[in-house]
There are 2 protein chains.
Amino acid sequence: MLTRSIAPSLNVNRAAPGAFGPVEPFFGLTGHAGLIATEFTYRKDEEIYGEDEPAEYVYQVVRGAMRTYKLLSDGRRQIGAFHLPGDVFGLESGTKHRLAAEAIIDSTVRLVKRRRLEHAAGTDVRVAHKLWTITADDLKRAEEHILLLGRKSAMERVANFLLEMDRRLTVAGTMALPMCRRDIGDYLGLTLETVSRALSQLNDEGVLGFSGARQIVLRNHQRLRNMDI
Amino acid sequence: MLTRSIAPSLNVNRAAPGAFGPVEPFFGLTGHAGLIATEFTYRKDEEIYGEDEPAEYVYQVVRGAMRTYKLLSDGRRQIGAFHLPGDVFGLESGTKHRLAAEAIIDSTVRLVKRRRLEHAAGTDVRVAHKLWTITADDLKRAEEHILLLGRKSAMERVANFLLEMDRRLTVAGTMALPMCRRDIGDYLGLTLETVSRALSQLNDEGVLGFSGARQIVLRNHQRLRNMDI
DNA sequence: CGGGTACTTGACTCTGGTCAAGATTTGTGG
DNA sequence: CCACAAATCTTGACCAGAGTCAAGTACCCG
């Protein structure tokens, strides 16, 4: 049922529930705020929006995976977050997106107009409170990531990443990473080679096992937690 | 008029306006939400609150400077932000402080009970909107800091820091840094020696001048902006 | 099954960290 | 106001962890 056109395509039907089951539309905001959510499908590596573009919509991942990132003028990239089914992204209190967003793999998102959400927040304090907590949760994550980038070693960063991804996308004991080594490096402030070496070392030590480069089984969570600090 | 007791001391009088002029109390929130703000004075290096402590109050710097930080178990420290007069800090949507806070120098803060602010937000959408924008501004800063920590060189980080501090605390062409080299390093994800070497190099190149290690005059903003990327 | 992308691994480099003095600044008590 | 102590800052020499460059290998996907 996945649309494969280059341009983002409108999905009239509800997206099929993925590994995560059906995704509650915007935490029920669309329900009690009377907002209409539309679905779109994006292909692998397709841009959802660019850095500093007007923030017209707020998005929620239904199926697939997104990366948000900033670029320096010479091409260095820092990924701010990976967004998986259920996650809201692109919510801004200002008028512009501060990071760009791209689909990591073919993905479906649900979206609502930012102006409508803001309007709902202006008349319903429950909506206003929800917007605040979504942003506050993002800030909490960002502060933890600042600690990781400022003070943790390469191995500590990779261990942290594996535990985060294990929590968010392990199904039946195995983790299917949607992103490549370069994405992981750009998220952790490392090169793709350093990420690869760290994963190989963990494999050699029996902490994890591979069944394909992006199919990982964690065999010793405690060892990883000790490495993460 | 600065109280010098070890314990935080209640200031009955309005704090004298500093270099920044009088600080608008919580952006007018205290006015239209009917909240009462109290003032306290803290001595250099005194803790305002610890990491994971219950978030009972929200703070605003009136005079002085604060650092908020996270610690790893082995003592590595990451400073999340420096807070200067006018800045709000300690605002949480949850019940705990996610970073600890300390006074960098003798400082005065204004504070309101978090519960009262939350209650005001539950009845007044303007208050709710203000809390959201304060948190969203913090998130924007955090995302820029993530880019700095993940992808910028030592010199780029120091140049960025100098431009930020120049904007926030230069008076009459000179910048009086309240924080030591270790604080700067722990903010920028560097060691104090690396910070010192970068500043010395900028001094040698004529980009800045010292009149005391913490009294800095920027002589070439454009060169710094070019270094910052 | 074949081609292209992604991943791994090795050899070497280099930026920033570590350790150790020494210099400067700041704070304090006489 | 000065002298001294303590803290902070600078600088040097050396080191190590992560980056760079370059093959070679594995894994998809058509």
Side-chain angles (χ1 to χ4, degrees), chain A residues 2 4 43-45 67 72 74-78 104-106 148-159 161-162 176-205 208-216 227 229, chain B residues 2 4 43-45 67 72 74-78 104-106 148-159 161-162 176-205 208-216 227 229:
Chain A
L2 173 66
R4 288 281 189 167
R43 296 185 60 197
K44 175 172 152 65
D45 296 325
R67 55 179 172 250
L72 292 175
D74 61 359
R76 282 175 285 176
R77 182 180 67 156
Q78 178 63 43
I104 296 174
I105 53 177
D106 295 345
L148 178 143
L149 294 171
R151 287 295 175 233
K152 293 190 183 181
S153 70
M155 186 53 88
E156 288 165 357
R157 295 179 201 205
V158 171
F161 172 79
L162 288 170
L177 294 177
M179 73 288 285
C180 66
R181 298 290 187 264
R182 181 176 294 277
D183 285 346
I184 300 172
D186 285 353
Y187 178 57
L188 298 177
L190 302 170
T191 60
L192 66 94
E193 292 94 334
T194 299
V195 172
S196 180
R197 278 186 248 268
L199 291 173
S200 294
Q201 189 187 325
L202 291 172
N203 184 47
D204 294 348
E205 292 171 355
L208 55 79
F210 286 105
S211 52
R214 298 189 191 180
Q215 295 279 337
I216 298 181
M227 287 178 186
I229 301 286
Chain B
L2 174 65
R4 287 282 188 165
R43 295 184 62 197
K44 175 172 151 66
D45 296 327
R67 56 181 171 249
L72 293 175
D74 61 0
R76 281 174 287 175
R77 181 181 68 157
Q78 179 63 43
I104 296 174
I105 52 177
D106 296 344
L148 178 143
L149 293 171
R151 287 295 175 232
K152 292 190 183 181
S153 70
M155 185 55 86
E156 287 165 357
R157 294 177 201 205
V158 171
F161 172 78
L162 288 169
L177 295 177
M179 72 289 283
C180 64
R181 299 290 188 266
R182 181 177 296 277
D183 285 346
I184 300 171
D186 286 353
Y187 179 58
L188 299 177
L190 302 170
T191 59
L192 66 94
E193 292 94 334
T194 299
V195 172
S196 180
R197 278 186 249 270
L199 291 173
S200 294
Q201 189 187 325
L202 292 171
N203 184 47
D204 295 348
E205 292 171 356
L208 55 79
F210 286 106
S211 51
R214 299 190 191 179
Q215 293 281 335
I216 299 180
M227 287 178 185
I229 301 286

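Throughout, a chain's letter reflects where its sequence line sits, starting with A, and its residues are numbered from 1.
Distances shown here put every side-chain N or O of A:Arg182 at or beyond 4.0 Å from the OP1 or OP2 atom of C:dT5. In this model, the phosphate group of D:dG19 is approached by a side-chain N or O of A:Thr194 to a distance below 4.0 Å at OP1 or OP2. Contact annotation: B:Arg181 reaches the phosphate of D:dT10 (side-chain N/O to OP1 or OP2, under 4.0 Å). For A:Ser200 and C:dC7, the shortest distance from a side-chain N or O to OP1 or OP2 is not below 4.0 Å.
Closest contact between the side chain of B:Ser153 and the listed nucleotides C:dG17, C:dG16, C:dT9 involves C:dG16. Nearest to the side chain of A:Arg197, among C:dC19, C:dT9, D:dC9, sits C:dT9. The side chain of A:Arg214 approaches C:dC7 more closely than any other nucleotide in the set D:dT8, C:dC7, D:dA22. Here D:dA22 is the nucleotide among D:dA22, C:dT18, D:dT10 with the atom lying nearest to any side-chain atom of A:Glu193. When each of C:dT8, D:dT10, D:dT8 is scored by its nearest atom to the side-chain atoms of A:Phe210, the top-ranked nucleotide is C:dT8.
Distance check, rounded to the nearest 0.5 Å: CD1 of A:Ile184 to CG of A:Leu177 gives 5.5 Å. Summarising the geometry, atom CZ belonging to A:Arg43 is positioned 13.5 Å from atom CD1 belonging to A:Ile105; distances are rounded to the nearest 0.5 Å.
Using a 4.0 Å heavy-atom cutoff across all strands shown, A:Leu192 reaches at least one base atom of the nucleic acid. Using a 4.0 Å heavy-atom criterion, one finds that B:Gly185 contacts no nucleic acid atom at all.
Other residues, nucleotides and ligands place no more than 12 heavy atoms under 6.0 Å from the CZ atom of B:Arg182.
The interatomic distance linking B:Leu202 (CG) with D:dT11 (P) rounds to 12 Å, in whole Å. Taking atom CG of residue A:Leu208 and atom P of nucleotide C:dT8, one finds them 10 Å apart after rounding to whole Å. Straight-line distance from the CD atom of B:Gln201 to the P atom of D:dT10: 14 Å, rounded to whole Å. Distance CD1 (B:Ile105) to C1' (D:dT8): 16 Å, rounded to an integer number of Å. Straight-line distance from the CG atom of A:Leu188 to the C1' atom of D:dG17: 16 Å, rounded to whole Å. The CE-C1' distance, from B:Met179 to D:dC9, rounds to 16 Å in whole Å. Straight-line distance from the CG atom of A:Leu199 to the P atom of D:dA18: 14 Å, rounded to whole Å. Rounded to whole angstrom, the span from the CG atom of A:Asp45 across to the C1' atom of C:dT5 amounts to 12 Å.
Heavy atoms only, all atoms of each residue included: A:Leu199 and A:Phe210 are closest at CB-CZ, 3.8 Å.
The nearest heavy atom of DNA chain D to B:Cys180 and to A:Thr191 marks one nucleotide each, and the one closer to the 5' end goes with B:Cys180. Comparing A:Gly189 and A:Ser211 by the nucleotide of DNA chain D that holds the closest heavy atom to each, the one mapping nearer the 5' end is A:Gly189. Nearest-nucleotide positions on DNA chain C for B:Met155 and B:Lys44 put B:Met155 closer to the 5' end.
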Derivation and outcome, side chain to side chain contact (heavy atoms under 4.5 Å, CB included), residues B:Val158 and B:Lys152
CA-CA 10 Å; B:Val158 171; B:Lys152 292 190 183 181; over 6 Å; no

Output, in order, the C-alpha distance, side-chain angles, deciding distance and verdict of side chain to side chain contact (heavy atoms under 4.5 Å, CB included) for A:Gln201 and A:Met155.
CA-CA 9 Å; A:Gln201 189 187 325; A:Met155 186 53 88; 3.4 Å; yes

